[in-house]
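Values below: all heavy atoms of this structure, side chains included; hydrogens, waters and symmetry mates excluded. Since the model is a prediction, treat every value here as computed from it, not as a measurement.
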Amino acid sequence: MKMRTQLAPADRDAIRSIVEATGVFYEDEILVAIELVDDALARGERSDYRFLLADGPSGLVGYACYGHIACTASGFDLYWIAVRPDLQGKGAGRELMGHVQEAIRRAGGTRIYVETSGRAAYEPTRAFYEHCGYAVGSVLEDFYGPGDPRITYVKVL
């Protein structure tokens with residue numbers, strides 16, 4: 001995979017396709033992912049959202065979106081990380097995560113936070129974060145809805 005940090009307008013549809021293909025996100029969550037892309041495309045360097053895009057021979061195969069957490073010295077949120085389903089479990093996500101962590105480290109980050117759902121459909125996602133060295137920092141019961149907690153993972157760099 002070849003990594004890049006500059007979004008192109010064509011990435012908008014490719015990112016939507018990747019996020020939809022995972023099969024775990026609700027439509028409103030997909031719209032949030034695209035909203036962040038639109039913000040970064042419109043505002044450029046003034047945007048609070050940073051992107052790392054992974055290209056393969058056939059185009060975009062994965063991406064991550066992250067940003068500094070306002071009012072913290074060195075905390076960063078990892079808002080999104082997704083790879084095409086045909087590449088999941090083959091190291092593409094771990095490689096992308098490694099690049100994201102290094103980009104955050106270079107930007108002065110010392111802690112990364114990532115929020116996810118406690119729904120059963122997110123079990124592979126939670127296992128991925130744990131495999132990448134993230135630990136559960138908090139659980140907010142019924143956050144997204146009855147029986148669907150928000151689980152926040154944290155990694156100290």
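Residues meeting the salt bridge (charged side-chain N to carboxylate O under 4.0 Å, His left out) test with Arg50, sequence neighbours left out: none. Judged as a side-chain hydrogen bond (donor to acceptor under 3.5 Å, both in side chains), and not counting sequence neighbours, the contacts of Asp86 are Arg84. Among residues two or more places apart in sequence or in another chain, the side-chain hydrogen bond (donor to acceptor under 3.5 Å, both in side chains) test is passed with Thr5 by none. In this structure, the side-chain contact (heavy atoms from CB on, under 4.5 Å) partners of Leu140, at least two apart in sequence or on a different chain, are Phe143, Arg150. Judged as a side-chain hydrogen bond (donor to acceptor under 3.5 Å, both in side chains), and not counting sequence neighbours, Thr22 has no contacts. Partners of Thr125 under the side-chain hydrogen bond (donor to acceptor under 3.5 Å, both in side chains) rule, at least two apart in sequence or in another chain, do not exist in this structure.
Between Arg126 and Glu130, none of the side-chain N atoms (NZ, or NE/NH1/NH2) sits under 4.0 Å from a carboxylate O, so this pair counts as no salt bridge.
Sorted pairs that involve residues 60-77 and meet salt bridge (charged side-chain N to carboxylate O under 4.0 Å, His left out), not counting sequence neighbours, are lacking altogether. Applying the salt bridge (charged side-chain N to carboxylate O under 4.0 Å, His left out) test to pairs two or more places apart or on separate chains, those with a residue in residues 52-72 are Arg4-Asp55. Within the structure, the salt bridge (charged side-chain N to carboxylate O under 4.0 Å, His left out) test picks out no pair touching residues 87-99 (sequence neighbours left out). For residues 136-145, no residue pair satisfies the salt bridge (charged side-chain N to carboxylate O under 4.0 Å, His left out) rule, not counting sequence neighbours.
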Does the side-chain contact (heavy atoms from CB on, under 4.5 Å) test come out yes or no for Thr110 and Val156, once each step is laid out? CA-CA 6 Å; Thr110 60; Val156 178; 5.7 Å; no
Test side-chain contact (heavy atoms from CB on, under 4.5 Å) applied to Arg105 and Glu102, step by step: CA-CA 5 Å; Arg105 186 178 287 113; Glu102 184 54 34; 2.9 Å; yes
Run the side-chain contact (heavy atoms from CB on, under 4.5 Å) check on Ile30 and Glu27 step by step: do they pass? CA-CA 5 Å; Ile30 295 168; Glu27 181 61 25; 4.1 Å; yes
Could you please spell out the steps behind the side-chain contact (heavy atoms from CB on, under 4.5 Å) verdict for Val37 and Asp11? CA-CA 8 Å; Val37 171; Asp11 292 325; 5.6 Å; no
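Taking hydrophobic clusters as Ile, Leu, Val, Met, Phe, Trp and Tyr residues chained together by side-chain heavy-atom distances below 4.5 Å, Leu31 does not share a cluster with Phe25.
Asp38 CG to Arg43 CZ: the interatomic distance, rounded to the nearest 0.5 Å, is 12.5 Å. Annotation: the span from Lys155 atom NZ to Arg111 atom CZ amounts to 13.0 Å, rounded to 0.5 Å. Taken to the nearest 0.5 Å, the OH atom of Tyr26 stands 7.0 Å off from the OG atom of Ser117.
For the pair Arg16 and Tyr63, the cation-pi test (distance below 6.0 Å, angle within 45°) is failed.
Here the shortest heavy-atom pairing between Ala54 and Leu60 reads O-CD1, 3.4 Å. Minimum interatomic distance between Phe51 and Ala40 (heavy atoms only, all atoms of both residues): CE1-CB, 3.5 Å. Across every non-hydrogen atom of Leu36 and Tyr79, the tightest pair is CD1-CB, 4.1 Å. Residues Gly147 and Pro149 share a closest heavy-atom pair of O-CD, 3.5 Å. Counting all heavy atoms, side chain and backbone alike, Ser74 lies closest to Gly108 at CB-O, 3.3 Å.
In this structure, the side chains of Ile15 and Leu53 come closer than 4.5 Å at one or more pairs of heavy atoms.
The other members of the hydrophobic cluster of Tyr113, by chain and number, are Ile69, Val154 (side-chain heavy atoms under 4.5 Å, ILVMFWY only). Annotation for Ile81: hydrophobic cluster partners, listed by chain and number, are Met1, Met3, Leu52, Val61, Tyr66, Phe76, Leu78, Val83, Leu87, Leu96, Met97, Val100, Ile104, Ile112, Val114, Phe128, Tyr129, Tyr134, Val136, Val139, Ile151, Tyr153, Leu157 (ILVMFWY side-chain heavy atoms under 4.5 Å, direct or chained).
A centroid separation of 6.0 Å or more is found between the aromatic rings of Tyr49 and Trp80.
In this structure, the side chain of Glu20 does not engage the main chain of Ser17 through any donor-acceptor pair within 3.5 Å.
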